Amino acid sequence: MVAYWLMKSEPHVYPWEQLVEDEHTHWDGVRNYQARNTMRDDMKEGDLVLFYHSNTKPPHIAGVARVCREGYPDHTAQDSNSNYFDSKATAENPRWIMVDIEPVEAMDNIVTLPDMKANSALDGMPLLAKGSRLSVQSVPSEHFAEVRRMGGLQ
DNA sequence: GCCAACGTTGGC
DNA sequence: GCCAACGTTGGC
(Lines give C-alpha, C1' and ligand atoms only; values in the text may rest on other atoms or scores of the structure.)
Protein backbone atom coordinates (compact mmCIF):
# COMPACT_ATOMS: atom_id res chain seq x y z
CA MET A 1 0.00 0.00 0.00
CA VAL A 2 1.75 3.11 -1.27
CA ALA A 3 1.42 6.25 0.83
CA TYR A 4 1.88 9.80 -0.37
CA TRP A 5 3.96 12.60 1.10
CA LEU A 6 5.23 16.07 0.39
CA MET A 7 8.73 17.35 1.12
CA LYS A 8 9.80 20.98 0.98
CA SER A 9 13.14 22.24 -0.20
CA GLU A 10 14.33 25.72 -0.97
CA PRO A 11 15.60 25.63 -4.55
CA HIS A 12 18.72 27.62 -3.71
CA VAL A 13 19.58 24.99 -1.09
CA TYR A 14 18.66 21.76 -2.87
CA PRO A 15 16.59 21.97 -6.06
CA TRP A 16 14.77 19.19 -7.90
CA GLU A 17 17.36 19.41 -10.67
CA GLN A 18 20.04 18.47 -8.15
CA LEU A 19 18.08 15.40 -7.09
CA VAL A 20 17.85 14.34 -10.75
CA GLU A 21 21.58 14.85 -11.15
CA ASP A 22 22.40 13.02 -7.90
CA GLU A 23 19.96 10.17 -8.76
CA HIS A 24 19.18 9.85 -5.02
CA THR A 25 19.86 11.79 -1.86
CA HIS A 26 19.55 11.56 1.91
CA TRP A 27 17.08 14.05 3.30
CA ASP A 28 19.23 15.48 6.07
CA GLY A 29 18.68 18.58 8.16
CA VAL A 30 15.10 18.11 9.29
CA ARG A 31 14.99 19.44 12.87
CA ASN A 32 11.31 19.31 13.65
CA TYR A 33 9.90 16.48 15.73
CA GLN A 34 6.67 16.01 13.83
CA ALA A 35 8.51 15.81 10.50
CA ARG A 36 11.10 13.49 12.05
CA ASN A 37 8.40 11.18 13.40
CA THR A 38 6.84 10.97 9.96
CA MET A 39 10.17 9.91 8.45
CA ARG A 40 10.96 7.54 11.31
CA ASP A 41 7.58 5.85 11.64
CA ASP A 42 5.49 6.30 8.55
CA MET A 43 7.50 6.66 5.35
CA LYS A 44 8.07 3.31 3.67
CA GLU A 45 10.19 2.27 0.74
CA GLY A 46 8.21 2.82 -2.45
CA ASP A 47 6.07 5.63 -1.06
CA LEU A 48 5.74 8.57 -3.42
CA VAL A 49 6.67 12.16 -2.62
CA LEU A 50 5.69 15.52 -4.08
CA PHE A 51 8.88 17.58 -4.28
CA TYR A 52 7.97 21.14 -3.32
CA HIS A 53 10.08 24.24 -3.89
CA SER A 54 9.48 26.73 -1.08
CA ASN A 55 10.71 30.30 -0.70
CA THR A 56 10.67 30.94 -4.42
CA LYS A 57 8.36 32.81 -6.78
CA PRO A 58 5.98 31.19 -7.14
CA PRO A 59 6.30 28.29 -4.70
CA HIS A 60 5.57 25.09 -6.64
CA ILE A 61 5.69 21.32 -6.99
CA ALA A 62 8.57 20.39 -9.28
CA GLY A 63 8.27 16.63 -9.53
CA VAL A 64 7.55 13.27 -7.98
CA ALA A 65 10.13 11.34 -5.96
CA ARG A 66 10.12 7.94 -4.28
CA VAL A 67 11.35 6.79 -0.88
CA CYS A 68 14.28 4.46 -1.58
CA ARG A 69 15.56 4.00 1.98
CA GLU A 70 13.54 4.08 5.18
CA GLY A 71 14.37 6.10 8.29
CA TYR A 72 17.90 5.98 9.71
CA PRO A 73 20.02 8.36 11.79
CA ASP A 74 20.80 11.77 10.33
CA HIS A 75 24.57 11.79 10.83
CA THR A 76 24.81 15.55 10.22
CA ALA A 77 23.41 16.07 13.72
CA GLN A 78 26.65 14.61 15.12
CA ASP A 79 28.94 16.58 12.83
CA SER A 80 30.14 19.74 14.58
CA ASN A 81 31.09 21.19 11.19
CA SER A 82 27.57 20.82 9.85
CA ASN A 83 24.97 23.58 9.84
CA TYR A 84 22.61 20.95 11.20
CA PHE A 85 24.80 20.02 14.20
CA ASP A 86 22.89 19.25 17.40
CA SER A 87 24.97 18.88 20.55
CA LYS A 88 22.32 16.61 22.06
CA ALA A 89 22.62 14.02 19.29
CA THR A 90 24.83 10.98 19.98
CA ALA A 91 25.55 7.64 18.32
CA GLU A 92 23.40 5.94 20.98
CA ASN A 93 20.63 8.51 20.66
CA PRO A 94 20.89 10.10 17.22
CA ARG A 95 17.80 12.21 17.90
CA TRP A 96 17.26 13.09 14.22
CA ILE A 97 16.24 10.77 11.39
CA MET A 98 16.30 10.98 7.62
CA VAL A 99 15.13 8.94 4.64
CA ASP A 100 16.57 8.64 1.14
CA ILE A 101 14.59 9.62 -1.93
CA GLU A 102 15.10 9.26 -5.68
CA PRO A 103 13.47 11.15 -8.57
CA VAL A 104 10.64 9.45 -10.44
CA GLU A 105 9.25 12.01 -12.86
CA ALA A 106 9.43 15.77 -13.34
CA MET A 107 6.18 17.64 -13.79
CA ASP A 108 5.57 18.48 -17.47
CA ASN A 109 4.67 21.88 -16.09
CA ILE A 110 5.25 22.96 -12.51
CA VAL A 111 2.20 23.15 -10.26
CA THR A 112 2.21 26.48 -8.45
CA LEU A 113 0.86 27.23 -5.01
CA PRO A 114 -1.69 29.77 -6.36
CA ASP A 115 -2.96 27.17 -8.83
CA MET A 116 -3.32 24.61 -6.06
CA LYS A 117 -5.16 27.11 -3.85
CA ALA A 118 -7.51 27.90 -6.72
CA ASN A 119 -8.38 24.23 -7.29
CA SER A 120 -11.32 23.17 -5.14
CA ALA A 121 -10.38 19.52 -5.73
CA LEU A 122 -7.49 20.19 -3.34
CA ASP A 123 -9.62 21.58 -0.51
CA GLY A 124 -8.28 20.21 2.77
CA MET A 125 -4.80 19.45 1.47
CA PRO A 126 -2.44 19.90 4.46
CA LEU A 127 -0.03 22.06 2.44
CA LEU A 128 -2.78 24.60 1.89
CA ALA A 129 -3.83 24.87 5.53
CA LYS A 130 -3.32 28.25 7.15
CA GLY A 131 -0.01 28.37 8.98
CA SER A 132 1.24 25.11 7.46
CA ARG A 133 5.00 24.97 7.98
CA LEU A 134 5.81 21.27 8.17
CA SER A 135 8.63 20.37 5.81
CA VAL A 136 7.55 16.72 5.64
CA GLN A 137 3.83 16.10 5.51
CA SER A 138 1.15 13.69 4.35
CA VAL A 139 -0.78 14.09 1.10
CA PRO A 140 -4.20 12.46 0.69
CA SER A 141 -4.10 10.06 -2.28
CA GLU A 142 -6.80 11.92 -4.22
CA HIS A 143 -4.84 15.16 -3.82
CA PHE A 144 -1.67 13.47 -4.97
CA ALA A 145 -3.45 12.26 -8.12
CA GLU A 146 -4.89 15.71 -8.75
CA VAL A 147 -1.50 17.44 -8.43
CA ARG A 148 0.03 14.96 -10.89
CA ARG A 149 -2.81 15.64 -13.30
CA MET A 150 -2.30 19.41 -12.92
CA GLY A 151 1.37 18.85 -13.69
CA GLY A 152 0.47 17.23 -17.00
CA LEU A 153 1.31 13.65 -16.03
CA GLN A 154 -0.89 10.72 -16.99
C1' DG B 1 3.57 22.33 33.86
C1' DC B 2 2.99 27.18 32.58
C1' DC B 3 4.18 30.71 29.64
C1' DA B 4 7.12 34.62 28.02
C1' DA B 5 10.84 35.23 25.12
C1' DC B 6 13.00 34.01 21.28
C1' DG B 7 14.04 31.79 16.75
C1' DT B 8 12.42 29.95 12.35
C1' DT B 9 9.50 29.25 8.37
C1' DG B 10 7.82 30.79 4.33
C1' DG B 11 4.20 33.40 1.78
C1' DC B 12 3.58 37.85 0.32
C1' DG C 1 11.94 43.13 4.01
C1' DC C 2 7.74 42.28 6.68
C1' DC C 3 5.31 39.66 9.68
C1' DA C 4 1.94 35.93 11.06
C1' DA C 5 2.12 31.44 12.57
C1' DC C 6 4.31 28.16 14.86
C1' DG C 7 7.92 25.50 17.60
C1' DT C 8 11.40 25.43 21.20
C1' DT C 9 13.68 26.88 25.34
C1' DG C 10 14.21 27.76 29.98
C1' DG C 11 13.00 30.25 34.30
C1' DC C 12 9.86 29.79 37.77
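Order of the sequence lines fixes the chain letters, A, B, ..., with proteins taken first and strands second; residue numbering starts at 1 for each chain. Bear in mind that the values here come from a model prediction, so they are computed numbers and not experimental data.
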Next on the checklist: Run the side chain to side chain contact (heavy atoms under 4.5 Å, CB included) test on A:T76 and A:R31 for me, step by step, so that the C-alpha distance in whole Å, both residues' side-chain angles and the decisive distance to 0.1 Å come before the verdict.
Outcome noted: CA-CA 11 Å; A:T76 63; A:R31 297 292 178 268; 3.1 Å; yes

Item to check | From CA spacing to verdict: side chain to side chain contact (heavy atoms under 4.5 Å, CB included), A:Y14, A:L19 | outcome: CA-CA 8 Å; A:Y14 193 88; A:L19 178 63; 3.8 Å; yes

Item to check | Under 3.5 Å donor-acceptor, A:Q78 side chain and A:A89 backbone | outcome: no

Checklist entry - A:K88 has an atom NZ; how far is it from atom P of C:dG10, in whole Å? => result 6 Å

Checklist entry - Are OP1 or OP2 of C:dA4 and a side-chain N or O of A:K130 less than 4.0 angstrom apart? => result no

Next on the checklist: Distance check needed: B:dT9 P versus A:L113 CG, whole Å only.
Outcome noted: 18 Å

Next on the checklist: What is the distance, to the nearest angstrom, from the CG atom on A:L134 to the C1' atom on B:dT9?
Outcome noted: 11 Å

Next on the checklist: Can you measure A:R133 atom CZ to C:dC3 atom C1' for me and round it to whole angstrom units?
Outcome noted: 12 Å

Item to check | Residue whose closest nucleotide on DNA chain C lies nearer the 5' end, A:Q34 versus A:K57 | outcome: A:K57

Item to check | Under-4.0 Å side-chain N/O to phosphate OP1/OP2 contact, A:Y52 with B:dG11 | outcome: yes

Checklist entry - Are the side chain of A:S82 and the backbone of A:Y84 linked by a donor-acceptor contact shorter than 3.5 Å? => result yes

Checklist entry - Mapping A:N55 and A:S132 onto DNA chain C by nearest heavy atom, which one lands closer to the 5' end? => result A:N55

Item to check | Whole angstrom value for the distance that separates C1' of C:dG7 from CH2 of A:W96 | outcome: 10 Å

Next on the checklist: Using whole Å, what does the distance between atom P of nucleotide B:dC12 and atom NE2 of A:H53 come to?
Outcome noted: 17 Å

Next on the checklist: I want to verify a distance call: between C:dA5, B:dG10, C:dT9, whose nearest atom is closest to the A:S54 side chain?
Outcome noted: B:dG10

Item to check | Between P of B:dG11 and NE2 of A:H60, the distance in whole Å | outcome: 11 Å

Item to check | Nucleotide C:dT9, atom C1' - distance to CG of A:D86 in whole Å | outcome: 13 Å

Checklist entry - A:K8 side chain: which of B:dG10, C:dG7, B:dG11 is closest? => result B:dG10

Item to check | A:R69 NZ/CZ over A:Y72 ring centroid, <6.0 Å and within 45° of normal | outcome: yes

Checklist entry - Where the side chain of A:K117 is concerned, which of B:dC12, C:dC6, C:dT8 is the nearest nucleotide? => result B:dC12

